[in-house]
Amino acid sequence: MSAERFGGLRARIAAEAARLMYEEGVDQYFTAKRMAAKRILGQVEGRRARYRPADLPSNGEIREALLLFAERAEGSQRTRRLFALRIVALEAMRALAPFSPRLIGSVSTGHIRRGSDVDLHVFPADEEALERHVRALGWTFDRERVTIQKGGELREYVHYHVADVAPLELTVYAPRDLRARPRSSTDGKPIVRLGVAALSALCARDHPVAWERYLETGEVDGMDALLEADEDEPLPGPFDGLLDGGGTGDDGDEPACAEPGEEDDATQDYEPLPGFEDTA
């Protein structure tokens with residue numbers, strides 16, 4: 001099966017994956033695209049279908065669909081919430097200055113969605129010093145050690161999940177890694193890491209009026225209300241009803257999900273979902 005053969009199939013899967021991420025809280029591109037494939041491909045021509053990695057949208061395609069989804073659902077409030085999240089990041093980075101914090105992810109790129117958190121890389125020479133520093137700040141946090149596979153190797157990373165006005169996730173790297181440029185699983189390009197000066201310049205460029213007000217008052221108008229909106233029930237989805245047969249297949253099976261920490265790899269040959277196994 002190919003996207004060309006079925007016209008807009010690839011776009012339909014991207015749109016469904018975006019809906020799953022926005023409305024149902026799926027937080028991995030890898031998981032979302034496979035769940036979407038289960039729902040969409042399972043009903044092509046009324047029979048079970050096979051799929052290949054080439055039939056699935058890229059992470060970048062899903063990200064663009066997700067951005068469109070968020071813009072349609074939230075309108076101008078999304079821009080205001082983005083600025084609020086960037087200020088949360090900026091103030092956290094100032095508090096973490098001894099550890100060379102860098103902002104990555106959706107808050108830096110602007111591709112936020114409902115439930116987006118603030119992702120920071122930190123580079124302590126001594127992780128215990130970082131933990132003592134976080135405790136001294138009075139932050140409430142959970143520490144997690146995660147093992148993932150990258151480049152055929154198992155690697156361990158320590159994460160600090162901090163409960164702030166908006167959730168913060170601190171990923172711990174060695175100081176030497178500050179010079180490295182890891183690549184994004186979304187588009188394959190080097191991840192952009194923003195320091196305090198770069199983030200301040202971004203705020204001044206993208207949010208000039210709100211930034212000037214923040215410099216004058218030290219506050220963001222309505223920040224609590226903007227960020228608390230993430231805890232409300234999801235807004236009605238703009239794509240509701242646009243994807244024919246958006247439910248599960250006739251067999252009622254739940255879609256297969258990736259294990260926590262599993263990342264998408266454009267060169268990976270995926271194991272078929274149940275019902276999509278190749279037949280001779």
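All heavy atoms count here, side chains included; hydrogens, waters and symmetry mates do not.
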*Asks:* Assess whether side-chain contact (heavy atoms from CB on, under 4.5 Å) is satisfied between V158 and E144, documenting all intermediate values.
*Replies:* CA-CA 6 Å; V158 173; E144 178 187 23; over 6 Å; no

*Asks:* Who are the side chain to side chain donor-acceptor pair (under 3.5 Å) partners of S100, not counting sequence neighbours?
*Replies:*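 Checked S100 against side chain to side chain donor-acceptor pair (under 3.5 Å); zero matches.
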
*Asks:* Quick one: list whatever passes side chain to side chain donor-acceptor pair (under 3.5 Å) with Y160, sequence neighbours left out.
*Replies:*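 Residues passing side chain to side chain donor-acceptor pair (under 3.5 Å) with Y160: E127, E131.
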
*Asks:* Excluding sequence neighbours, so at least two apart, what forms side chain to side chain donor-acceptor pair (under 3.5 Å) with T171?
*Replies:*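 For T171 the side chain to side chain donor-acceptor pair (under 3.5 Å) partners, ignoring immediate neighbours, are H159.
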
*Asks:* Roughly how far apart are L215 CG and E212 CD, rounded to 0.5 Å?
*Replies:*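 It comes to 5.5 Å.
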
*Asks:* What are the two closest non-hydrogen atoms of A95 and W139, and how far apart are they?
*Replies:*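 So the minimum-distance heavy-atom pair works out to CB-CZ2, 4.0 Å.
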
*Asks:* Using side chain to side chain contact (heavy atoms under 4.5 Å, CB included) as the criterion, list what pairs up with A198, not counting sequence neighbours.
*Replies:*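 For A198, the residues satisfying side chain to side chain contact (heavy atoms under 4.5 Å, CB included) (neighbours in sequence not counted) are L194.
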
*Asks:* What is the distance from atom CG of L56 to atom CZ of F30, rounded to the nearest 0.5 Å?
*Replies:*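 Taking CG in L56 and CZ in F30, the distance rounds to 9.5 Å.
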
*Asks:* Mind checking side chain to side chain contact (heavy atoms under 4.5 Å, CB included) for E128 and listing every partner two or more places apart, or none if nothing turns up?
*Replies:*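 Applying side chain to side chain contact (heavy atoms under 4.5 Å, CB included) to E128 gives D126, R132.
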
*Asks:* Under the 3.5 angstrom rule, does the side chain of E61 hit a backbone N or O of S58 as a donor-acceptor pair?
*Replies:*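 Present.
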
*Asks:* Check the pair V107, V88 against side-chain contact (heavy atoms from CB on, under 4.5 Å), reporting the backbone distance first and the verdict last.
*Replies:* CA-CA 10 Å; V107 176; V88 170; over 6 Å; no

*Asks:* As a quick check of understanding, evaluate side-chain contact (heavy atoms from CB on, under 4.5 Å) for I112 and L85, giving each step before the final call.
*Replies:* CA-CA 9 Å; I112 63 167; L85 287 168; 4.1 Å; yes

*Asks:* Using 4.0 Å as the upper bound for N to carboxylate O, is an ion pair formed by E24 and R19?
*Replies:*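 Counted as a salt bridge, because a side-chain N and a carboxylate O are separated by less than 4.0 Å.
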
*Asks:* Are R80 and V220 side-chain neighbours, meaning at least one heavy-atom pair lies under 4.5 Å?
*Replies:*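 In short, these two side chains do not touch, never coming nearer than 4.5 Å.
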
*Asks:* For residues 84-95, pull every pair meeting salt bridge (charged side-chain N to carboxylate O under 4.0 Å, His left out), keeping only residues two or more places apart or in separate chains.
*Replies:*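 Listed by first then second residue: R86-D206.
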
*Asks:* Report the residues that fulfil side chain to side chain contact (heavy atoms under 4.5 Å, CB included) with D142, sequence neighbours left out, ordered by chain and then residue number.
*Replies:*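 Expected list: none.
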
*Asks:* What closest approach, in Å, do A65 and A14 show between heavy atoms, and which atom pair accounts for it?
*Replies:*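 That would be CB-O, 3.8 Å.
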
*Asks:* Taking the side chain as everything from C-beta on, heavy atoms only, tell me whether M35 gets closer than 4.5 Å to V26.
*Replies:*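 A side-chain contact under 4.5 Å exists here.
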
*Asks:* Starting at CG of L82, measure out to CD of Q77 and round the result to the nearest 0.5 Å.
*Replies:*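 Answer rounded to 0.5 Å: 12.5 Å.
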
*Asks:* Run the side chain to side chain donor-acceptor pair (under 3.5 Å) test against R145 and tell me which residues pass, sequence neighbours left out.
*Replies:*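 Once residues adjacent in sequence are excluded, the partners of R145 under the side chain to side chain donor-acceptor pair (under 3.5 Å) criterion are E156.
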
*Asks:* Could I get the full list of ring pair (Phe, Tyr, Trp, His ring centres under 6.0 Å) partners for W211, not counting sequence neighbours?
*Replies:*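 Testing W211 for ring pair (Phe, Tyr, Trp, His ring centres under 6.0 Å), a comparison that skips the adjacent residues, returns Y214.
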
*Asks:* The test is side-chain contact (heavy atoms from CB on, under 4.5 Å); show your working for Y157 and V172 and say whether it passes.
*Replies:* CA-CA 7 Å; Y157 296 91; V172 179; over 6 Å; no

*Asks:* Atom CZ in R135, atom CG in L130: separation rounded to 0.5 Å?
*Replies:*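 Rounded to the nearest 0.5 Å, the CZ-CG separation comes to 11.0 Å.
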
*Asks:* Quick check for you: to the nearest 0.5 Å, what is the distance between E16 atom CD and I62 atom CD1?
*Replies:*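 Those atoms lie 10.5 Å apart.
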
*Asks:* Could you pull out all donor-acceptor pairs under 3.5 Å where a side-chain atom in residues 117-124 meets a protein atom, sequence neighbours excluded?
*Replies:*
unit_1, atom_1, unit_2, atom_2, d
H121, ND1, R193, NE, 3.1
H121, ND1, R193, NH2, 3.2

*Asks:* I'd like to check E219 versus R213 (side-chain heavy atoms, cut-off strictly below 4.5 Å). Are they in contact?
*Replies:*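 Of all side-chain heavy-atom pairs linking R213 with E219, none is under 4.5 Å.
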
*Asks:* Supply the atom-to-atom distance F83 CZ to L90 CG, rounded to the nearest 0.5 angstrom.
*Replies:*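 Answer for the CZ-CG pair, F83 versus L90, is 9.0 Å.
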
*Asks:* Which ring-ring contact (aromatic ring centres under 6.0 Å, His included) pairs, counting each pair once, include a residue from residues 91-110, with sequence neighbours left out?
*Replies:*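 Found F99-H133.
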
*Asks:* Quick check against the 3.5 Å criterion: does K33 have a side-chain atom that pairs as donor or acceptor with the backbone of P57?
*Replies:*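 Such a contact is found between K33 side chain and P57 backbone.
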
*Asks:* Does any non-hydrogen side-chain atom of R39 lie less than 4.5 Å from one of L20?
*Replies:*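 Heavy-atom side-chain distance check passes, below 4.5 Å.
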
